*Asks:* 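There's a structure below that I have some questions on.
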There are 4 protein chains.
Amino acid sequence: MKQPLHRRQPTSSNPRVQRTRNRVLAIARELLPEVGAGGLTYALLAERASVTRQTLYRHWPTRAALLFDLILEGPDLGTYPEPGSDVRAVATAWLKSLRAGVSVPAMRTAVLTVTAQADHDPDSAQALVRIGEDRHAALNNLLEPAGVRISDDEYTLLYGPVLARLFLDRGPVTDAFIDAVVSQWLTTLHPGSAVGSHM
Amino acid sequence: MKQPLHRRQPTSSNPRVQRTRNRVLAIARELLPEVGAGGLTYALLAERASVTRQTLYRHWPTRAALLFDLILEGPDLGTYPEPGSDVRAVATAWLKSLRAGVSVPAMRTAVLTVTAQADHDPDSAQALVRIGEDRHAALNNLLEPAGVRISDDEYTLLYGPVLARLFLDRGPVTDAFIDAVVSQWLTTLHPGSAVGSHM
Amino acid sequence: MKQPLHRRQPTSSNPRVQRTRNRVLAIARELLPEVGAGGLTYALLAERASVTRQTLYRHWPTRAALLFDLILEGPDLGTYPEPGSDVRAVATAWLKSLRAGVSVPAMRTAVLTVTAQADHDPDSAQALVRIGEDRHAALNNLLEPAGVRISDDEYTLLYGPVLARLFLDRGPVTDAFIDAVVSQWLTTLHPGSAVGSHM
Amino acid sequence: MKQPLHRRQPTSSNPRVQRTRNRVLAIARELLPEVGAGGLTYALLAERASVTRQTLYRHWPTRAALLFDLILEGPDLGTYPEPGSDVRAVATAWLKSLRAGVSVPAMRTAVLTVTAQADHDPDSAQALVRIGEDRHAALNNLLEPAGVRISDDEYTLLYGPVLARLFLDRGPVTDAFIDAVVSQWLTTLHPGSAVGSHM
DNA sequence: TTATAAACGAGACGGTACGTCTTGTCTTATG
DNA sequence: CATAAGACAAGACGTACCGTCTCGTTTATAA
């Protein structure tokens, strides 16, 4: 709640800084699923990472900042599938990569926590939107060979059911479910566009 | 983190208890959007509701319990639309009622918070599932005149995009978006079933 | 610290009142050495005595009042030795009865607690003085056959070492110690008085 | 009742720590006679000393620990009289110094409270015994020039009446009373020893 | 190579909240 | 209608974490 004083963060070029930062993030990723977002206190994290609380504050003045780093430097966030001209195949692969991403416990917790905070923390809200836009752009990138661009609404129509199943229904996202999502999604996608050529 | 001792809650039949309980819930609903879930401390709530912290603990041993009550006794959760035989119309109306419900700030925050907690709090997880099932059942109820029953997957396909737009994209759910969702949704709904009769 | 409102105490003539009162006092006597004066809360006492806290407040508006009763209705406070004309014998017997009295754990704790409170609680101070005077008077009574009256100073010279040994040194009061006290005490007692006639 | 976790106390070498510690002890000494031992809550003390409760717990994990410090670092506890070869004079002076010490209100209350606790708190019991032994040793020290050593029993015979008068009779310890105590005490002290040479 | 700057460890401190306990009063329902 | 059960306000308890602030000590880069 309280806005901490923003001292300058450690110079990232310094190798010592890098070492500390990476060790802490790794420990945080281990800890997060264990204790939950609420339980990931700086006190605990400092102890586990053999670091002073002060050091944590130097690197991440806000706990939200730490969560952002956890999300953005996610372990396999970069593992997007290959682009292709088959829209159905690309969309399916992209959804599966999304499913894989949010199956990493630390990522799950971090995303949910940021989401819950977004209503009252502009930084979190902005980060959330930015993450969404990144993934949206990535999808469009993958679909470039197919000559298709996805609008905001279409994007949400595609990923919405998957995340709802994971976060809200708290059930598994089966391949069959993904297929159903994609099939339905294709029906309204660019009606009368190039998509039809693949059917 | 710590499991608080579960003493028996105040007898709900007692009018004094009811008075206290309702006043606190009302204040909590006002406070939640102001200060966020993290800022809704028992200390603050007690002060604003002119009540002792002890009293809060008596009524809601866990802060999650308070959130459940906030969700379940939501201000207008019962305002479901009318049943009908036109599947498109019913689905659209139901989605709009969902949108209305989640637009109440206190409800928004409460739901998001419970969702974020669900990974590490079995009670929250269970509550979340139960809420989903209730709404699912309600939808099926509305669709009974149409002779249609919605499966779990179909249910998620319907509401998923709407909540994703609200919570993750953090954008407005327009009527057009709802129409798009419903249109897409109808295509795969019970292929060859009674739905076709309305097209 | 807070002076509770003085509602009227239960009529002591009522046999039911007597029963309750005695049961509570008995339980308190058991409890006192177990949990200490600080641990003898009304909540605990009420639970153990199967009585409502209200009832305790009705009988003893102040915890000091309860302690007074514990001291004054001590189990064997009345067991003074026989009067006699041999000053040494009477004094020795009286000291031994004193030793016996404060060896009862509940009595010990109660007396020490009242003593510690006396500096800031006039009631306790007064009660303490009164108890001392009673015992002083009792001693003089025992010594009447010997034709001796003990002054305040002489009284303190007699019992002081014994209680100091018990409470401050926290050591045992042996018969030898009592003999030493009495011997020393006799030397300055009424120099040249009737005491000499017994030597 | 509950044994608080014994974290390590603040490093006494740190000057800031010393400052805090001394300020708190000074305020506690002022407060003790005002509010009594029961009223000397950490909450009150913290407020008066402009310190957080947490700071108090860091320095004195137990309230008993605070009382010990109050007693041991008493304002003028070290002001023993001069040694000498005149036993009567030394004993008298020593008793007067005892009287002076226990007349400091904070010391009075602290000693009485620790005494009352000693029955159920081993730490208090041990501290009490240690304080007694210290004073006993000091007395023997003063009497060294006189070639006299006081046994435990003799020690109690000397100081017992004085403290009994102060704490139990709650009366003043006059010079005359001290003279009476010493006179009586000398009669049985080392019968046939060097003491006689001073008569 | 030595400065010099930065990161870091250690830990005291003021705050705030936690979940619990006891106290004294007051309300409600019941027998 | 008196009495129990127990809700309530008040406030202390001992603990935890937060964010800040010294202090020294190490580590890395620059002179």
Side-chain angles (χ1 to χ4, degrees), chain A residues 1-5 7-11 13-17 19-21 38-39 41-46 50-59 61-63, chain B residues 1-5 7-11 13-17 19-21 38-39 41-44 46 50-59 61-63, chain C residues 1-5 7 38-46 51-58 61-63, chain D residues 1-5 7-11 14-17 19-21 38-39 41-44 46 50-59 61-63:
Chain A
M1 297 301 106
K2 201 63 158 313
Q3 194 72 352
L5 264 177
R7 347 186 140 290
R8 65 177 165 297
Q9 261 130 291
T11 346
S13 62
N14 189 320
R16 182 158 58 140
V17 169
R19 242 179 297 143
T20 301
R21 173 190 163 84
T41 66
Y42 271 20
L44 174 61
L45 183 53
S50 301
V51 151
T52 310
R53 274 170 46 243
Q54 192 60 14
T55 299
L56 298 183
Y57 282 110
R58 262 189 290 262
H59 283 258
T62 280
R63 192 137 74 251
Chain B
M1 296 300 105
K2 203 61 159 316
Q3 196 72 352
L5 266 175
R7 337 190 148 293
R8 66 178 161 296
Q9 263 125 290
T11 340
S13 61
N14 188 323
R16 181 159 59 142
V17 169
R19 241 177 299 142
T20 301
R21 173 190 163 85
T41 65
Y42 270 21
L44 174 62
S50 301
V51 151
T52 311
R53 279 188 309 124
Q54 187 61 36
T55 298
L56 297 184
Y57 282 108
R58 256 191 299 265
H59 285 257
T62 281
R63 194 133 74 256
Chain C
M1 296 300 109
K2 200 63 158 313
Q3 196 71 353
L5 266 178
R7 339 187 148 289
L40 188 70
T41 65
Y42 271 21
L44 174 62
L45 185 52
V51 153
T52 311
R53 278 190 308 124
Q54 275 320 332
T55 303
L56 297 184
Y57 283 110
R58 262 189 289 270
T62 280
R63 191 136 77 250
Chain D
M1 296 300 105
K2 203 59 161 315
Q3 195 73 353
L5 266 175
R7 334 193 150 293
R8 67 179 160 297
Q9 265 127 289
T11 339
N14 190 323
R16 180 161 59 142
V17 169
R19 238 177 302 142
T20 301
R21 174 190 163 85
T41 65
Y42 269 19
L44 175 62
S50 301
V51 151
T52 313
R53 278 190 307 127
Q54 187 61 37
T55 298
L56 298 183
Y57 283 109
R58 258 192 296 267
H59 285 258
T62 282
R63 195 132 73 256

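In this text, all values refer to a predicted model and were calculated from it rather than measured experimentally. Below, chains carry the letters A, B, ... as their sequence lines are ordered, and counting in each starts from 1.
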*Asks:* What's the OH-P distance between C:Y57 and E:dT25, to the nearest Å?
*Replies:*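 The distance from OH of C:Y57 to P of E:dT25 comes to 8 Å, rounded to the nearest Å.
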*Asks:* Rounded to the Å, how far apart are D:Y42 OH and E:dG14 P?
*Replies:*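 Atom-to-atom, D:Y42 to E:dG14, this comes out as 15 Å.
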*Asks:* Would you indicate which nucleotide in F:dC8, F:dG14, E:dC18 comes nearest to any side-chain atom of B:R63?
*Replies:* E:dC18
*Asks:* How long is the line joining CG of B:L56 and P of F:dG11, in whole Å?
*Replies:*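 Computing the B:L56:CG to F:dG11:P distance gives 17 Å.
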*Asks:* What nitrogen or oxygen pairs link the protein and nucleotides 27-31 of chain E at under 3.5 Å?
*Replies:*
from: E:dT28; atom 1: OP1; to: B:R19; atom 2: NH2; distance (Å): 2.9

*Asks:* Give a yes/no on whether any side-chain N or O of D:H59 is located under 4.0 angstrom from OP1 or OP2 of E:dC13.
*Replies:*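 Result: yes.
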*Asks:* When the distance from CD of D:Q54 to P of F:dC17 is rounded to whole Å, what number comes out?
*Replies:*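 D:Q54 atom CD is separated from F:dC17 atom P by 11 Å.
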*Asks:* Would you mind telling me which of F:dC18, F:dA4, F:dC13 lies closest to the side-chain atoms of D:A43?
*Replies:* F:dC13
*Asks:* With sequence neighbours excluded, tell me which residues meet salt bridge (Lys or Arg N to Asp or Glu O under 4.0 Å) with A:R21.
*Replies:* A:D69, A:E73
*Asks:* Side chain of D:R58, heavy atoms from C-beta onward: which of E:dC18, E:dC13, E:dC8 has the nearest atom to it?
*Replies:* E:dC13
*Asks:* Grab the CG-P distance between C:L44 and E:dT22 for me, whole Å please.
*Replies:* 8 Å
*Asks:* With rounding to the nearest 0.5 Å, note down the distance linking OH in D:Y42 to CD in D:Q54.
*Replies:*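 Here the interatomic distance stands at 11.0 Å.
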*Asks:* Which distance, rounded to the nearest 0.5 Å, do you find between the OH of A:Y57 and the CZ of A:R63?
*Replies:*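 Output value for this atom pair is 8.0 Å.
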*Asks:* Which residues pass the side chain to side chain contact (heavy atoms under 4.5 Å, CB included) test with A:T55, sequence neighbours left out?
*Replies:*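 Scan of A:T55 (side chain to side chain contact (heavy atoms under 4.5 Å, CB included), adjacent residues dropped) gives A:T20, A:V51, A:T52, A:R58, A:H59.
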*Asks:* Over how many whole Å does the gap from D:R53 atom CZ to E:dC18 atom P extend?
*Replies:*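 From D:R53 CZ to E:dC18 P: 14 Å.
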*Asks:* If every non-hydrogen atom of C:R53 is compared with every non-hydrogen atom of C:A43, which pair is closest and at what distance?
*Replies:*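 So the two residues come closest at CD-CA, 3.8 Å.
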*Asks:* Determine: side-chain N/O of D:T20 to OP1/OP2 of E:dA12, distance under 4.0 Å, yes or no.
*Replies:*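 No, no such contact exists.
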*Asks:* Does the side chain of C:T52 get closer than 4.0 angstrom to OP1 or OP2 of F:dG6 through an N or O atom?
*Replies:* no
*Asks:* Considering only side-chain heavy atoms of A:T41, which listed nucleotide, F:dC17, E:dA7, E:dC13, is closest?
*Replies:* F:dC17
*Asks:* Report the nucleotide, chosen from F:dA9, F:dG19, E:dC8, that has the shortest atom-to-atom distance to any side-chain atom of B:T55.
*Replies:* F:dA9
